[in-house]
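The structure appears below as C-alpha cells.
Computed from heavy atoms alone, side chains included, the values below leave out hydrogens, waters and symmetry copies. Here the structure is a predicted model, which means the values were calculated and not measured. Order of the sequence lines sets the chain letters (A, B, ...), proteins ahead of strands, with each chain counted from 1.
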There are 2 protein chains.
Amino acid sequence: MEKKDGKRRDKALSRDQVISAAIAILNESGESGLTFRTLAQRLATGPGAIYNHVQNKQDLLAAAADVMIQSALSVNRDELAPGAAIRAVALDVFDIIDAHPWVGMELSRAPWQPAMLLIFDRIGANLQALGVPDMAQFHAASTVTNFILGAAAQQAAAIRLHADGAQRATLLSAAARAAIHQDKKSSPFLQRMAGNLTEHDDREQFSAGVDLILRGIRG
Amino acid sequence: MEKKDGKRRDKALSRDQVISAAIAILNESGESGLTFRTLAQRLATGPGAIYNHVQNKQDLLAAAADVMIQSALSVNRDELAPGAAIRAVALDVFDIIDAHPWVGMELSRAPWQPAMLLIFDRIGANLQALGVPDMAQFHAASTVTNFILGAAAQQAAAIRLHADGAQRATLLSAAARAAIHQDKKSSPFLQRMAGNLTEHDDREQFSAGVDLILRGIRG
DNA sequence: ACCTGAACACCGTTCAAGT
DNA sequence: ACCTGAACACCGTTCAAGT
C-alpha cells in the first residue's frame with residue numbers, strides 16, 4: 001500500500017479509471033502535476049500502459065475536461081426562464097473553472113472539444129424559448145460560448161499565477177503600470193480603469209458580461 | 001554564413017533582436033518550432049545567452065505577442081465612428097491571429113498580458129464616444145475583450161489542426177457526431193446546428209459576435 | 001557584463017519483451 | 001490483449017568556465 005487507492009497489481013484498468021486518476025491528480029496538483037509517470041505511479045503500472053486506453057496527452061486532457069463540464073452542467077435548469085438558464089449555465093462553467101483552473105486552460109487549447117460543444121449546446125437550447133430567430137441562434141450561441149471560453153482562460157491563468165505566491169493586487173497594478181508606460185502615446189482608457197482593474201470582482205464582472213450579451217441577443 | 005541573417009559572432013545581441021528572431025521562427029514554424037536551441041542557432045550563440053535578455057520562455061512569448069498586437073493595432077482608426085472603430089480593432093486582432101495562430105494561443109495563456117491590455121484599451125477608448133456611462137465602460141470593454149480572446153483561441157487551435165493535415169469539414173462533423181452520440185439524453189440544438197457548424201465562415205461568425213455585443217452595449 | 005555549451009532534471013512517446 | 005519499464009528524442013533552465 002502506498003498512499004491513496006493505488007497499488008492495483010491485478011487486472012482491469014479501463015479508460016474510465018485512467019481518466020478518473022488523471023482528474024484526481026489535476027485537481028490536487030494542477031496541470032504541471034500530471035505526467036504519464038505520476039499517472040502511471042498512481043495506477044501502479046508503467047507509463048506505456050496508459051497508451052492502451054488513451055491516444056495521447058491531448059486526448060486524455062480533453063476527456064478529463066469533458067467529465068468536469070458534464071458534471072458541472074448536470075444540474076437540471078428546466079424550470080428556469082431561458083435568460084436565467086443561460087446565465088446559470090455560464091456561471092456553472094465559471095465556478096468549476098474557478099475551483100479547478102486546469103479545466104479553463106484545457107477548454108481553449110483544443111477546438112471543437114466535446115466539453116466546448118456541450119456548453120454550446122446548453123446555451124443554444126435556451127435560445128428558441130428566448131424568441132431568437134432560427135438563423136440568429138447559431139451566432140448567438142457561439143458568441144456566448146466564445147465569451148465564456150475567453151473569460152475562462154483569463155480566470156484560469158489568473159488563479160494559477162495567484163497560487164504561485166504573489167498578491168493579486170500587486171500583479172495587476174504592476175501589469176497595468178507596465179502597459180501604460182510602454183505605450184508612449186499613452187493609453188487613457190486603461191489609466192482611467194486602473195482602479196477597477198485592481199479592485200473588481202471577477203465573478204461579478206463575468207456575470208455582467210453575460211447579461212450584456214443577453215441584452216444584445218434580445219435585440 | 002549559414003542560412004538567414006544569422007552568424008553574428010561579433011558583439012551586440014539585444015532584447016529586441018532576441019524577440020525579433022523568436023517572432024520570425026514562430027511565424028515560419030509555429031509554436032512547436034520555437035525552442036531555446038533553435039532560437040540560439042538562429043542567433044548564432046548558445047541557449048544560455050538568451051537568458052541574458054529574457055526572463056524565461058513565458059516572458060519571451062508574451063513580448064513577441066505584444067509586438068504582433070501592437071503592429072496589428074497601429075493603423076489609425078480615429079476617423080471611424082466609435083462602433084465601427086471597435087469592430088475594426090476586433091477584426092484586426094482576428095486577422096493577425098488567422099495569419100499567425102501562435103499569437104492567439106499565447107493571448108489566452110497568460111493573464112494581464114501587455115498585448116491583452118492593449119486590446120482592452122483600444123476597445124475601451126471608443127466607449128465614451130458611444131455614450132456608455134462611466135461605470136458600465138469597464139464591463140463593456142472586458143466583455144468585448146473576453147469574447148475576442150475566446151474566439152482567438154478557438155480560431156488559433158482550429159488553424160493548427162487544419163495545418164496538421166485533416167480536412168476542416170471532416171474534423172468538424174466528426175466532432176459534432178462524437179458529441180451528439182456521447183450525450184445519451186441527446187443534444188437537440190447541436191444536432192440542429194450541425195450544418196452551420198461545418199459550413200459557416202469563421203470571420204463572418206466573429207464579426208456577427210462583435211455586432212451582437214455592440215447591440216447589447218448600446219442597450 | 002555578456003557569451004558559451006555541457007550538464008541537469010525533466011518531458012511525451014515508443015517498443016521489445018514479457019504475461 | 002494488455003502490461004512493463006527501459007530507451008529515445010527531445011525540452012527549459014542552470015552554471016562553471018571563458019572573453
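Residue contacts for L34(B): at a heavy-atom cut-off of 4.0 Å it reaches the sugar-phosphate backbone alone, with no base atom in range.
Phosphate proximity of dC2(C) to H53(B): absent, as no side-chain N or O sits under 4.0 Å from OP1 or OP2. Residue T45(A) places at least one side-chain N or O under 4.0 Å from the OP1 or OP2 atom of dT4(D).
What you find for I19(A) and A64(A) is that their closest heavy atoms are CG2-CA, 4.0 Å.
Each of T38(A) and A49(A) lies near DNA chain C, and the nucleotide nearest T38(A) is the one positioned closer to the 5' end.
When side chains are defined from C-beta on, I119(A) counts as touching L73(A), because their heavy atoms get closer than 4.5 Å. Between Q155(B) and F206(B), the closest side-chain pair of non-hydrogen atoms is not below 4.5 Å. Residues Q205(B) and N196(B) fail the side-chain proximity criterion, which asks for heavy atoms closer than 4.5 Å.
A distance of 9.5 Å separates CD1 of I23(A) from CG of D66(A), quoted to the nearest 0.5 Å.
Atom CG in N52(A) sits about 14 Å away from atom C1' in dG18(C), given to the nearest Å. Nucleotide dT19(D) holds its P atom 18 Å from the CG atom of L13(B), rounded to whole Å. As a whole-Å value, the separation of F36(A) CZ from dT14(C) P is 9 Å. Between the NZ atom of K57(A) and the P atom of dG12(C) there is a distance of 4 Å, given to the nearest Å. In this entry the distance linking CG of L43(B) with P of dC2(C) reads 16 Å, nearest Å. If you measure from atom CZ of R37(A) to atom P of dC11(D), you get 16 Å, rounded to the nearest angstrom. Atom P of nucleotide dG12(C) and atom CG of L39(A) are separated by 10 Å, given to the nearest angstrom. Atom CZ in R109(B) sits about 12 Å away from atom P in dG12(D), given to the nearest Å.
Electrostatic pairing of D92(B) and R77(B) counts as a salt bridge here, judged by a charged N lying under 4.0 Å from a carboxylate O.
Secondary-structure annotation of DNA chain D gives the stems C:4-8 with D:12-16, C:12-16 with D:4-8, with a stem taken as at least 3 successive Watson-Crick or G-U pairs whose two distances both fall under 3.5 Å.
Partners of E31(A) by side-chain contact (heavy atoms from CB on, under 4.5 Å), not counting sequence neighbours, listed by chain and number: L26(A), W102(A), M105(A), R109(A).
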